[in-house]
Structure formats: structure tokens, C-alpha cells
> 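First the structure, then my questions, so here it is.
Note on naming: letters A, B, ... go to the chains in the order of the sequence lines (proteins, then strands), and numbering restarts at 1 for each one. The basis for the numbers below is simple: all heavy atoms, side chains too, and nothing from hydrogens, waters or symmetry mates. These figures come from a predicted structure and were not determined experimentally.
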Amino acid sequence: MSDHDPYVTIDDSDRAFWGDAVADTIETRDPDEPIVIKGGVSPSGVPHIGHLNEIVRGYVVAEVLRDRGHEVRQVFTADDRDRLRKVPRQLADLEWNVVGLGEVDAGALGRNLGKPYTSIPDPFGCCGSYGAHFTNLLARSAELLGIPIEVVSNTELYAGGEFEDVTRHVLSNRGRAREILADYQASVDEGYVPFQAECRSCGVLTDGIVDVDPEAGTVAYECRDVTVGDETIEGCGHEGEVTLREGKLPWRFEWPAQWSVLDVDFEPFGKDHAEGSWPSGVAIAEGIFDVEPPVPMVYEWFTLNGDALSSSSGNVITAAEVLSMLEPAVLRYFFVKDPRKQRDFDVAHLDQLVDEFDRFEAVYFDEIEASDEERERAESAYPTVVDDLRAERVRIPYTFAAVLGMTDDPDLREEIARREGHIPDDAPEWAIEEALARVESAREWARRTDNEFNYDLKREEIPAVDFDADTEAALDELADFVAEGQDGEAIQGRIYELAESHDLDVGDFFAAGYRLLFDLEEGPKLGPFLAKLDREFVVDRLRRER
RNA sequence: GGGCCGGUAGCUCAGUCAGGCAGAGCGUCUGGCUUUUAACCAGACGGUCAUGGGUUCAAUUCCCAUCCGGCCCGCCA
């Protein structure tokens with residue numbers, strides 16, 4: 001079975017970039033074109049960045065293969081005929097507004113446990129079903145990242161008949177199917193039938209199969225209780241018959257069936273599948289469907305801010321939220337890193353991720369020193385994270401962008417960025433525009449994490465202040481000094497002098513300044529900051545006039 | 001209980017496949033700016049490579065055991 005160890009695809013390669021390792025393995029198989037790359041997830045609730053592994057890991061490999069001249073199809077199966085097992089705590093509308101269950105009809109959802117996602121009404125009423133709603137959000141996540149995928153609904157594969165032959169084939173060979181699966185699952189017994197029927201009476205997917213006639217294409221069932229985790233969903237007891245299109249294969253068979261029907265050449269999957277579904281899937285693909293399993297790749301799971309991603313506990317972050325704080329290219333870059341490592345998506349330290357990306361980019365353009373290893377990785381990985389390779393692009397360091405975010409005047413932002421040397425004189429217009437777009441992202445990051453960059457210049461209205469006479473006198477003198485057009489360092493020095501000459505504590509005097517500008521006790525280095533704001537405003541504000 | 005993956009500086013991570021002086025960025029500290037607050041420049045500090053054994057001239061790297069985080073053997077990125 002070592003031939004199908006899903007870890008060796010990357011482990012056994014000497015490539016610096018895992019995407020090359022996978023692409024090499026795929027090429028070794030000499031697959032027909034277009035090469036098919038698949039991912040898939042149950043549309044069970046709000047999609048988070050963990051789910052994006054199923055899309056972005058495949059995309060990275062697709063891009064490497066395309067760079068090598070191959071034609072590639074990236075399909076994504078919405079495994080939407082799976083059962084709703086539990087009611088999620090949170091949902092999201094199509095605009096990514098996360099809402100608690102109380103805001104929708106939770107009772108209605110609770111009554112749908114055990115039914116396929118696509119048989120449950122959309123709680124928001126905007127899509128054809130619960131499944132369609134969350135598949136829609138998954139598709140939108142891909143779109144936000146600029147990744148083209150073909151979304152395939154499992155439900156449609158069954159209902160439309162594309163899955164009928166494989167389903168019949170499994171049922172015709174159910175004895176053998178049972179034997180193979182029993183090697184991997186202790187619970188498989190003599191009476192096991194690899195099919196779940198959608199009860200005509202209550203709609204629950206039942207395992208209570210009493211008879212099958214593959215040739216006629218019918219399955220007789222009795223709607224028994226279904227055990228899902230530690231919950232039991234009551235069956236209604238109805239006895240009836242369905243066609244092969246009105247139910248589904250259990251996951252262990254459905255996955256290899258997808259490989260067969262969709263002709264899958266490569267599929268990345270989470271570590272949860274590495275030792276369960278994957279080996280049994282390989283055996284079923286070879287022993288039942290007589291197809292070669294795809295090239296496998298295991299990815300480790302992410303944590304978010306140090307804790308497990310968990311829909312039920314609410315520790316999730318969506319693509320939309322992430323992309324409010326950084327560019328799509330940076331998020332893609334996160335997925336270009338080694339899939340074998342457990343990785344934390346740390347919102348508090350997003351600046352480090354962005355800095356790392358900037359460096360990665362600079363290595364690609366040969367602008368900084370780097371090891372051969374780093375260079376080799378950037379060479380083939382960078383083109384998968386950006387759409388256009390443009391050496392003239394401009395990147396303002398993320399934390400500096402956060403500083404610029406303290407003011408919302410776009411011209412001032414650009415002026416400061418230029419003065420500090422973060423925008424070259426000959427930078428093209430598009431590059432400046434994109435560079436300054438990062439300011440909005442960094443601002444949002446500062447706001448969300450409420451970190452040391454979260455200063456909000458109170459430009460519109462002066463904060464409520466109450467200074468003593470000495471402080472007021474010193475502020476007036478500082479205003480006069482600023483009015484003369486002094487530079488930042490001079491203003492900084494003057495602040496000290498004024499504090500001393502008016503017998504004020506230096507710290508208190510600085511705090512007065514921060515209070516006037518930000519309604520806070522501390523802030524960025526005051527002199528240079530004052531020098532960078534428009535002078536009239538600063539002078540008026542120091543005089544407490546507006 | 002059996003098995004699989006991960007653990008490298010305060011933080012985020014390279015490096016381990018193929019054994020050969022322990023790496024980067026950020027943070028911290030120091031100095032520069034004639035005077036506490038850096039978004040600038042220069043420099044320094046920082047590690048028992050989770051722990052303990054073993055193999056080897058040499059181990060972060062290979063082997064064994066243990067600890068920690070997570071996963072699989074029931075469903076689920």
C-alpha cells in the first residue's frame with residue numbers, strides 16, 4: 001500500500017516547492033488532457049479559511065501545470081447530498097453577514113436533521129436550498145480569491161443520472177464492496193448495503209436498506225433511526241422504494257465514485273481523510289471501479305489565533321473577512337506554504353505574513369539576497385499567487401500602511417508614503433493605486449485587532465478636552481511654532497522645550513497632544529506626525545479651535 | 001488501545017528528504033537624531049532544534065522511547 005501513501009507525494013521529492021513535487025508526480029502518470037484536479041466539501045455552514053484548502057491547494061498545482069503547458073480543469077464538488085448532522089450555531093447571508101441561529105428560523109432547521117442539504121429550504125430564502133446557499137458562499141470565496149473553479153453539485157450528479165451507472169455498479173457488486181470496506185471499517189456487517197435512500201415520506205437519508213435490484217434500478221428501504229455522532233435521528237418507519245437517483249452512496253464509496261465519473265487526476269485532502277477514507281477509497285477505486293486513484297496530497301489543518309477552527313465554537317474567519325485585511329495574493333501565499341505543517345493563521349500578527357509575502361515577491365524579482373532554496377521556491381510559486389508578474393509593483397510595508405491609515409485623507413497618505421521613500425518617483429499610476437489600497441486593509445486590521453496602530457485621527461470634531469492654563473499656554477506656543485512651517489524633528493524638540501519652560505511633565509504634555517488628535521493618552525511619535533498633517537488643521541487643533 | 005502528522009529564537013517561519021559551525025524577518029535591547037514615545041539608520045542580545053537514549057569521527061537531520069498539539073481506526077475542510 002506504500003504505493004498510495006498520501007504523504008510521499010511531497011516527502012519523496014527533492015523540490016523546493018511542494019507544488020512542483022505534486023506536478024511532477026502527476027506528469028509521471030501521463031494523464032489525458034485536460035488534467036482534472038478536484039476538491040470538495042459539504043456545504044454545511046459558513047465556509048472558513050480551512051475549507052479553502054480544498055480550493056487553493058488544487059489551484060496552486062493547477063497553475064504549476066498550466067505554466068508547464070498543460071490544460072487543466074479544476075472542479076469542486078459540493079458534497080451537498082450529505083446529511084445535515086447538526087444545526088450550526090452560526091449562518092451567513094450571501095453578503096457574509098454572520099448571523100446567529102436566533103435570527104433565522106432555527107426550529108425549521110432542526111426539523112431537517114438527517115436530510116440532504118439540498119432538500120432543506122434555504123434559511124435566508126435566497127437560494128434553492130440550504131446546500132445551494134452555502135455552496136454559493138464557497139463559490140464566492142473562490143471568486144474573491146480570483147480562482148476559477150467548476151462547481152459540481154453532487155445532488156445533481158445523482159439526480160441527473162451521471163452517477164447512476166456507478167451506483168448500480170456498486171450495488172451489483174455489493175458483496176465485494178462489503179468485503180473490501182470491512183477491511184477498513186469494523187462496523188460493516190453481513191447486512192451492510194452501500195446505499196442510503198432518501199425516505200419518500202420524511203426525507204431523511206436512511207441506512208435501512210432491505211432489498212436492492214440493481215438491474216431494475218430500485219432500492220427498497222425501511223426508514224429506521226439514524227445514528228449521527230452521538231445523536232440519533234428518528235426514522236419515520238416508512239417502508240418504500242426509491243430509484244438509484246433518490247439516495248446516495250456512503251462517503252467511502254462516493255469519493256472513489258467521483259474519481260471515476262469525473263476522471264480525477266489529483267486531489268488534495270485534509271489529514272482527517274489520510275488514514276480513513278483515503279486507503280479505503282484506493283481499495284474501492286481499484287477493486288470496484290477499476291480506476292487508478294488520483295495523485296493524493298495531505299494537508300495539515302490550520303488553527304486560527306492558536307485554536308482549532310471550529311464552526312460550533314465560532315472560532316472561524318471567512319475569506320471575505322481575511323480579504324478585508326490583506327490582498328488576495330497574500331492569502332494565496334499562505335496556501336503556497338508547506339501543506340505538511342500545522343499552521344496558525346494569526347490575525348494579531350498578520351503584518352508578519354504580509355512582510356513575508358513582500359520578501360517572497362522581492363526574491364522572485366531578484367531584488368534582495370536569498371538562498372538558492374528560497375529562490376527556487378519563489379521562481380515557481382510566485383506566479384501562482386499573483387495574476388500579473390509586474391516588477392514595477394509597489395508595496396508599502398504593512399505596518400507603515402497601518403500608520404498611514406491613521407489619517408483618511410488619500411492625498412496626505414500618498415504624500416507621506418512618498419516622503420518616507422515607500423513610493424518611487426517613477427512609479428506608474430496603477431502601482432501607486434494598488435500600493436495605497438493596502439492602507440485600507442491595514443487600517444481594517446488595526447481596527448479589528450485594536451492594536452497599537454488603531455489610532456483614529458479625530459479630524460471632524462475636536463475631542464472633549466479640559467487642560468490647565470499652563471498646558472493651554474504651551475499648546476498655543478506649539479501652535480505658533482507649527483505655523484512657522486517647522487519640520488517634524490524641530491517640532492518634536494520644541495515639545496520638550498515647551499514642557500520644560502511651562503513646568504509640565506513631558507509625558508503629560510505629550511498626552512495632551514494625543515488627546516487632542518486621537519482622544520487617547522498615547523500615539524505615534526508626535527512631532528513628525530504633526531508635521532505630516534496639513535498645517536492649518538494642526539494649528540487650529542492645537543489652539544482648540546476646531 | 002492501535003496507527004498517522006506536526007513540535008526549530010519572545011512571535012511568524014525557513015532549513016531536516018541526501019548527517020558536516022543553528023538561519024531570516026519581526027519584536028526586544030543599545031547607539032545615532034544636542035533633550036522618555038520610530039515610521040529612519042547602525043549594531044547587539046536571543047536556541048539543550050520538545051525530552052531521554054542509541055548509531056556515527058560528526059545528529060536539529062537517521063533509529064528507539066517519552067512528552068505536547070492535532071488527526072484516523074464511527075461522521076466531518
> Would Phe134(A) and Tyr117(A) count as a ring-ring contact (aromatic ring centres under 6.0 Å, His included) here? Give the steps.
CA-CA 9 Å; Phe134(A) 290 106; Tyr117(A) 293 115; 8.6 Å; no
> Would you indicate what Ser13(A) reaches in the nucleic acid, counting non-hydrogen atoms under 4.0 angstrom: base, sugar-phosphate, or nothing?
base
> Looking at Glu440(A) and Arg413(A), is there a salt bridge between them, counting it only when a charged N and a carboxylate O are closer than 4.0 Å?
yes
> Is any NZ, NE, NH1 or NH2 atom of the basic residue among Asp207(A) and Arg224(A) found under 4.0 Å from an Asp or Glu carboxylate oxygen of the other?
no
> Name the nucleic acid region contacted by Asp14(A), choosing base, sugar-phosphate or nothing; use a 4.0 angstrom heavy-atom cut-off, strictly under.
base
> Under 4.0 Å between a Lys/Arg side-chain N and an Asp/Glu carboxylate O for Glu198(A) and Lys248(A)?
no
> Have a look at Phe269(A) and say if it touches a base, only the backbone sugar-phosphate, or nothing, with a 4.0 Å heavy-atom cut-off.
nothing
> Tell me whether Glu234(A) at atom CD has more than 12 heavy atoms from other residues, nucleotides or ligands lying less than 6.0 Å away.
no
> What is the distance, to the nearest angstrom, from the OH atom on Tyr299(A) to the P atom on A77(B)?
8 Å
> With no hydrogens and no angle check, do the side chains of Asp80(A) and Thr155(A) hold a donor and an acceptor under 3.5 Å apart?
yes
> Nearest heavy atom decides the nucleotide; on that basis, is Asn53(A) or Tyr496(A) closer to the 5' end of RNA chain B?
Tyr496(A)
> Which value, in whole Å, describes the distance between the P atoms of nucleotides G6(B) and G10(B)?
23 Å
> What interatomic distance, in whole Å, is found between C1' of C68(B) and the corresponding atom of A77(B)?
24 Å
> Considering Watson-Crick and G-U wobble pairs with both distances under 3.5 Å, what does G1(B) pair with?
C73(B)
> Once you round it to whole Å, what is the distance between C1' of G25(B) and CG of Asp355(A)?
7 Å
> Would you kindly compare His48(A) and Arg359(A) by the position of their nearest RNA chain B nucleotide and give the one closer to the 5′ end?
Arg359(A)
> A38(B), OP1 or OP2 - any side-chain N/O from Gln492(A) closer than 4.0 Å?
no
> Within the 4.0 Å limit for protein heavy atoms, which parts of nucleotides 6-15 of chain B are touched? Write it as a string from 5' to 3', B for base, S for sugar-phosphate only, - for none.
SS---BBSSS
> Tell which nucleotide pairs with U36(B), taking only Watson-Crick or G-U wobble pairs whose two distances are both under 3.5 angstrom.
none
> Going by ring centres under 5.5 Å and near-parallel planes (under 30°), is Trp301(A) stacked on G70(B)?
no
> Indicate whether the side chain of Asp20(A) and that of Ser380(A) have a donor and an acceptor atom separated by less than 3.5 Å.
yes
> Would you mind reading off the distance between His273(A) atom NE2 and C73(B) atom C1', rounded to a whole angstrom?
15 Å
> Any side-chain N or O of His422(A) below 4.0 angstrom from OP1/OP2 of A39(B)?
no
> Does a side-chain N-to-carboxylate-O contact under 4.0 Å join Glu300(A) and Lys341(A)?
no
> Give me the distance, rounded to whole Å, that separates C49(B) from U61(B) when you measure between the C1' atoms they each carry.
10 Å
> Regarding Glu254(A) and Arg81(A), does a basic nitrogen lie under 4.0 Å from an acidic carboxylate oxygen?
no
> Is there a Watson-Crick or G-U wobble partner for U61(B) with both distances under 3.5 Å, and which nucleotide is it?
none
> Taking Trp278(A) as the fixed residue, which of Tyr7(A), Trp259(A), Trp251(A), Tyr184(A) is the one that meets the ring pair (Phe, Tyr, Trp, His ring centres under 6.0 Å) rule?
Trp259(A)
> Which base, if any, makes a Watson-Crick or G-U wobble pair with A22(B), both distances under 3.5 Å?
none
> Name the pairing partner of G6(B), where a pair is Watson-Crick or G-U wobble with both distances under 3.5 Å, or state none.
C68(B)
> Expressed in angstrom and rounded to an integer, what is the separation of Leu304(A) atom CG from G69(B) atom C1'?
16 Å
> Would you indicate what Gly276(A) reaches in the nucleic acid, counting non-hydrogen atoms under 4.0 angstrom: base, sugar-phosphate, or nothing?
sugar-phosphate
> Measuring only the C1' atom in each nucleotide, how far is G15(B) from C33(B)? A whole number of Å is fine.
39 Å
> For the pair made of CZ in Phe360(A) and P in A24(B), what is the distance, rounded to whole Å?
20 Å
> Quote, to the nearest angstrom, the P distance that separates G47(B) from C4(B).
34 Å
> Provide the distance between the two C1' atoms, one in A14(B) and one in C57(B), to the nearest whole Å.
29 Å
> From CG of Asp307(A) over to P of G70(B), roughly how many Å is that when rounded to an integer?
9 Å
> Round to the nearest Å and state the distance from Tyr184(A) atom OH to C73(B) atom P.
13 Å
> For U30(B) versus U35(B), give the span between their P atoms, rounded off to a whole number of Å.
15 Å
> Could you identify the nucleotide paired to U28(B), looking across every strand shown and requiring Watson-Crick or G-U wobble geometry with both distances under 3.5 Å?
A44(B)
> Would you say that more than 12 heavy atoms from the other residues, nucleotides or ligands in this model lie under 6.0 Å from the CG of Asp189(A), or not?
yes
> Of all the nucleotides listed (A77(B), A39(B), G3(B)), which has the minimum atom distance to the side chain of Glu275(A)?
G3(B)
> By side chain to side chain donor-acceptor pair (under 3.5 Å), which residues pair with Arg541(A), not counting sequence neighbours?
none
> In whole angstrom, give the distance that lies between atom NZ of Lys271(A) and atom P of C5(B).
12 Å
> Is the phosphate of C75(B) approached by Arg252(A) (side-chain N or O, under 4.0 Å from OP1 or OP2)?
yes
> Check nucleotides 43-46 of chain B for protein N or O atoms closer than 3.5 Å to its own N or O atoms and list the pairs.
none

> Mind checking the C1' distance from G7(B) to C40(B)? Whole angstroms is fine.
37 Å
> Identify whether any heavy atom of Ala186(A) sits under 4.0 Å from a base atom; if not, whether one sits that close to sugar-phosphate; answer base, sugar-phosphate or nothing.
sugar-phosphate
